[in-house]
Amino acid sequence: DAKTTQPPSMDCAEGRAANLPCNHSTISGNEYVYWYRQIHSQGPQYIIHGLKNNETNEMASLIITEDRKSSTLILPHATLRDTAVYYCIVPNQAGTALIFGKGTTLSVSS
Amino acid sequence: DAGVIQSPRHEVTEMGQEVTLRCKPISGHDYLFWYRQTMMRGLELLIYFNNNVPIDDSGMPEDRFSAKMPNASFSTLKIQPSEPRDSAVYFCASRAGRGSGQPQHFGDGTRLSIL
């Protein structure tokens, strides 16, 4: 299974873009990259996922490098409610098991 | 659309008692997962089912833990007898099997305290 590396914490000013990086240098060609976040002790919330191409939805954008060894989650206009732990995950090849690391704690302040 | 529904939201019981956690997955989802979250170990996968059949239970900590999925709309995680070290938040998640890259969707969890 691919391992991911994320910075332990990041700060962002409200209204600015939050760019959360993730390294997954051992990812294989058919493995997706998933992003989840967890606010307080709520259940992890799915944000976005991608394989090769950049992806965008109503919550965020995902930029994947051409070699697929890293990606960046972009929250275009961060709000206080975006304060959470953000997890970058590459599941096993079957796409079944999600292995959660420590993630990045994003703090959005006014 | 209703998401993954877990019950109870909170459970406090004494050591040695049987505990049963319940989960209703999203309708039409073929996979169901049970996770446990503690401060020490973070979020860890306990077991998952595909089409109601247990596929991988290697994360189940010991024989005191058991999980069942009698039908596509219901699963239970049982601890008998319970111990204080079982105190944690237990999450259930489900995902559709069809289509590659389908994400898992999580319930709000059951916060379990064993006294």
Any donor-acceptor N/O pair, A/H49 side chain to B/P103 backbone, under 3.5 Å: no

Counting only heavy atoms not in B/E62 (residues, nucleotides, ligands), do more than 12 fall under 6.0 Å from its CD? yes

Quick one: pull up OH in A/Y36 and CD in B/Q104 and give me the separation to the nearest 0.5 Å. 5.0 Å

Linking I/L/V/M/F/W/Y whenever their side-chain heavy atoms sit closer than 4.5 Å, directly or via other members, would B/Y31 and B/Y90 fall into one cluster? no

Taken to the nearest 0.5 Å, the spacing of B/Q102 CD from A/Y34 OH works out to 7.5 Å

Side chain, backbone, both or neither of B/L45 within contact of chain A (heavy atoms, under 4.5 Å): side chain

Separation of A/L98 CG from B/F33 CZ (nearest 0.5 Å): 6.5 Å

Which bit of B/Q37 is near chain A, if near means a heavy-atom gap under 4.5 Å: side chain, backbone, both or neither? side chain

Hey, quick one: are A/M59 and A/L20 part of the same hydrophobic cluster, counting side-chain heavy atoms closer than 4.5 Å, chains of contacts allowed? yes

A/Q38 portion near chain B, given a 4.5 angstrom heavy-atom threshold: side chain

Check the hydrophobic clustering (I, L, V, M, F, W, Y; side-chain heavy atoms under 4.5 Å; chains of links allowed) and say if B/I79 and B/Y35 are grouped together. no

What are the two closest non-hydrogen atoms of B/F91 and A/Q42, and how far apart are they? CZ-O, 3.7 Å

Honestly curious: do B/F106 and A/I39 fall in one hydrophobic cluster under the side-chain, below-4.5 Å linking rule? no

Spell out, yes or no, whether A/L73 and A/L106 are grouped together once hydrophobic residues are joined by side-chain heavy atoms under 4.5 Å, including indirect joins. yes

